[in-house]
*Asks:* 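The structure's right below; bear with me while I get my questions together.
Just so it is clear, the model here is predicted, and its values are computed rather than measured. What you see below is based on every heavy atom in this structure, not just the backbone, and it leaves out hydrogens, waters and symmetry mates. In what follows, every chain begins at residue 1, and chains take the letters A, B, ... in the order their sequences are listed.
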2 protein chains.
Amino acid sequence: MKTIEQFLESKNIRVTAMRLLIYKFLAEKQVAVTLSDIENAFEKADRTTLYRTIKTFEEKAIVHQIDDGTGINKYALCEKGCNCEIETDLHLHFHCNNCNETICLTEHKIPQIKVPDGFVSENVNLVVKGICDKCSGQ
Amino acid sequence: MKTIEQFLESKNIRVTAMRLLIYKFLAEKQVAVTLSDIENAFEKADRTTLYRTIKTFEEKAIVHQIDDGTGINKYALCEKGCNCEIETDLHLHFHCNNCNETICLTEHKIPQIKVPDGFVSENVNLVVKGICDKCSGQ
DNA sequence: TCAATAAATGCACTTCCATTGCATAGATAT
DNA sequence: ATATCTATGCAATGGAAGTGCATTTATTGA
């Protein structure tokens, strides 16, 4: 069992207090978070630091960015089964129109999409919108 | 063969010079356009007018908004085979990473997506990214 | 036809999020 | 210990979406 420190180092990310905190915050969350979410969780820290930390995590492929159609970027840790460094990793995301939360459905792979002749598919973004399990049970 | 005027009236959209121009602009384009694209095409007109015209077209279901992951809303005329008033109309969009253009693949319907128990799917947004036919032929 | 009414347009402004430049603090290596 | 590189914080910018209000333009009805 790797420590977080070891994990970050293995990804060539320098370990700092801030980065550990942000990593733990993302790990606790079961949903994709916005930069503002992180900002609210760490009011002492500067927005820029949080922004750049996320970008670093993204570059090193331990976080992926999600565009769920709300117009605001969200981020989530890449879990096992999520290979974001591979461009063709294609799990889908679910956005709840009720609670506004977005979750990764890592185990749900996107089916093969056919495109017309001459078009080359490199990547697919698929967001399903509706009501999540928590909200539909209400 | 309906005139544009007749078409707009049939959709309960009042005909104005501006609206005709914007409609024609959209009709000429084979790709989804941003508000800025329209703005550049009609430098005399105010941004707000263009914005509200597009919103009107959207409400009346002759234009649909596309979120292609660039972070900028794009718009395209609803063609035959596009039934945007029906929430479950699910054609997909293709975004070219080279020329940055986004096109509707109206004839390509989105396959049925399975979501976990407890989740209710209301809508699906699917964007394929890659290289378009024009760019791949270069 | 003219007045009353409603809709469309234009201008100014606000808000929100993403992003960058630069100075400083902190860590690493020689 | 000092030079060097990275991370952090502050300030500012830019782009896009959206809103309030005044004015112009079109529509309706007397």
Side-chain angles (χ1 to χ4, degrees), chain A residues 4-6 8-26 32-60 62-76 95 100-102, chain B residues 4-6 8-26 32-60 62-76 95 100 102 125:
Chain A
I4 298 175
E5 283 89 341
Q6 287 169 337
L8 291 180
E9 276 168 3
S10 77
K11 293 281 186 176
N12 282 313
I13 301 169
R14 288 207 185 171
V15 177
T16 68
M18 208 58 247
R19 287 174 178 178
L20 281 172
L21 285 171
I22 295 174
Y23 184 91
K24 283 175 190 164
F25 177 76
L26 291 171
V33 300
T34 65
L35 200 59
S36 296
D37 291 335
I38 307 176
E39 214 182 341
N40 292 334
F42 301 100
E43 296 197 342
K44 304 150 208 159
D46 186 76
R47 184 185 177 79
T48 315
T49 304
L50 305 175
Y51 173 76
R52 287 200 254 239
T53 299
I54 286 290
K55 288 296 166 190
T56 300
F57 284 1
E58 216 185 327
E59 278 166 24
K60 305 295 185 180
I62 66 170
V63 155
H64 62 273
Q65 186 175 358
I66 301 157
D67 171 18
D68 65 4
T70 56
I72 301 166
N73 290 150
K74 294 188 178 176
Y75 305 91
H95 176 74
N100 204 34
E101 287 191 342
T102 298
Chain B
I4 298 176
E5 283 88 342
Q6 288 170 338
L8 292 180
E9 275 168 5
S10 76
K11 294 280 186 176
N12 282 313
I13 301 170
R14 289 206 187 170
V15 177
T16 69
M18 208 59 246
R19 288 175 176 177
L20 281 172
L21 285 172
I22 294 173
Y23 183 91
K24 283 175 191 164
F25 176 75
L26 291 171
V33 299
T34 66
L35 200 58
S36 294
D37 290 337
I38 306 176
E39 212 183 342
N40 293 334
F42 300 100
E43 297 196 341
K44 305 150 207 159
D46 186 76
R47 183 186 178 76
T48 315
T49 303
L50 305 175
Y51 174 76
R52 288 201 253 239
T53 300
I54 285 291
K55 289 295 166 191
T56 301
F57 284 0
E58 216 185 326
E59 278 165 25
K60 305 295 185 180
I62 67 167
V63 155
H64 64 274
Q65 186 175 358
I66 301 158
D67 171 17
D68 64 4
T70 57
I72 301 166
N73 291 150
K74 295 188 177 176
Y75 306 90
H95 176 75
N100 204 35
T102 298
N125 182 38

*Asks:* Below the 4.0 Å mark, does D:dG18 have OP1 or OP2 next to a side-chain nitrogen or oxygen of B:Tyr51?
*Replies:* yes
*Asks:* Start at the 5' end of DNA chain D and walk down; is the nucleotide closest to B:Tyr75 or to B:Val15 reached first?
*Replies:* B:Tyr75
*Asks:* Would you tell me if any nitrogen or oxygen in the side chain of B:Arg47 comes within less than 4.0 Å of OP1 or OP2 on C:dC11?
*Replies:* no
*Asks:* Measure distances between side-chain N and O atoms of B:Arg52 and base N and O atoms of C:dG10, and say whether any donor-acceptor pair falls under 3.5 Å.
*Replies:* yes
*Asks:* Round to a whole Å and report the spacing from CD of A:Glu59 to P of C:dT19.
*Replies:* 12 Å
*Asks:* May I ask you to verify whether the side chain of A:Thr48 and the base of D:dC10 hold a donor-acceptor pair under 3.5 Å?
*Replies:* yes
*Asks:* Compare side-chain N and O positions of B:Thr16 against OP1 and OP2 of C:dT9 and report whether any pair is under 4.0 Å apart.
*Replies:* yes
*Asks:* Find the distance B:Asp37:CG to D:dA17:P and express it as a whole number of Å.
*Replies:* 11 Å
*Asks:* Can you check whether B:Asn73 has a side-chain N or O nearer than 4.0 Å to OP1 or OP2 of D:dA17?
*Replies:* yes
*Asks:* Report yes if a side-chain nitrogen or oxygen of A:Lys55 is closer than 4.0 Å to either non-bridging phosphate oxygen (OP1 or OP2) of C:dA18; otherwise report no.
*Replies:* no
*Asks:* For B:Ser36, answer base if it contacts any base atom (sugar-phosphate contacts may also be present), sugar-phosphate if it contacts only those atoms, and nothing otherwise; contact means non-hydrogen atoms under 4.0 Å.
*Replies:* sugar-phosphate
*Asks:* Given atom CG of A:Leu8 and atom C1' of C:dA27, what is their separation to the nearest angstrom?
*Replies:* 16 Å
*Asks:* Could you give the CG-to-C1' distance, from B:Asp46 to D:dT19, as a whole number of Å?
*Replies:* 13 Å
*Asks:* What's the verdict on side chain to side chain contact (heavy atoms under 4.5 Å, CB included) for B:Glu59 and B:Lys11, showing C-alpha distance, side-chain angles and the deciding distance?
*Replies:* CA-CA 10 Å; B:Glu59 278 165 25; B:Lys11 294 280 186 176; over 6 Å; no
*Asks:* Please give, in whole Å, the distance from D:dC10 P to A:Lys44 NZ?
*Replies:* 14 Å
*Asks:* Please state how far atom CD1 in B:Ile54 lies from atom C1' in D:dA16, giving the value in whole angstrom units.
*Replies:* 15 Å
*Asks:* Do A:His95 and B:Asn125 pair up side chain to side chain, a donor and an acceptor below 3.5 Å, judged on atom types alone?
*Replies:* no
*Asks:* Ignoring backbone atoms, establish whether B:Thr49 has a side-chain N or O less than 4.0 Å from OP1 or OP2 of C:dG10.
*Replies:* yes
*Asks:* Given side chain to side chain contact (heavy atoms under 4.5 Å, CB included), test B:Asn73 with B:Leu35 step by step and report yes or no.
*Replies:* CA-CA 8 Å; B:Asn73 291 150; B:Leu35 200 58; over 6 Å; no
*Asks:* Report the C-alpha separation of B:Arg14 and B:Arg19 in whole Å, then their side-chain angles, then the decisive distance to 0.1 Å, and conclude whether the side chain to side chain contact (heavy atoms under 4.5 Å, CB included) test is met.
*Replies:* CA-CA 8 Å; B:Arg14 289 206 187 170; B:Arg19 288 175 176 177; 3.7 Å; yes
*Asks:* Between C1' on C:dT9 and CZ on B:Phe42, what's the gap in Å once rounded to a whole number?
*Replies:* 15 Å
*Asks:* From D:dG9, D:dA7, C:dA18, pick the nucleotide closest to the side chain of A:Arg19?
*Replies:* D:dA7
*Asks:* Between the side chains of A:Thr49 and A:Asp46, does any donor sit under 3.5 Å from an acceptor?
*Replies:* no
*Asks:* CG of A:Asn12 versus C1' of D:dT6: gap in Å, rounded?
*Replies:* 14 Å
*Asks:* With DNA chain C as reference, determine whether B:Arg14 or B:Ala45 sits nearer its 5' end, using the nearest nucleotide of each.
*Replies:* B:Arg14
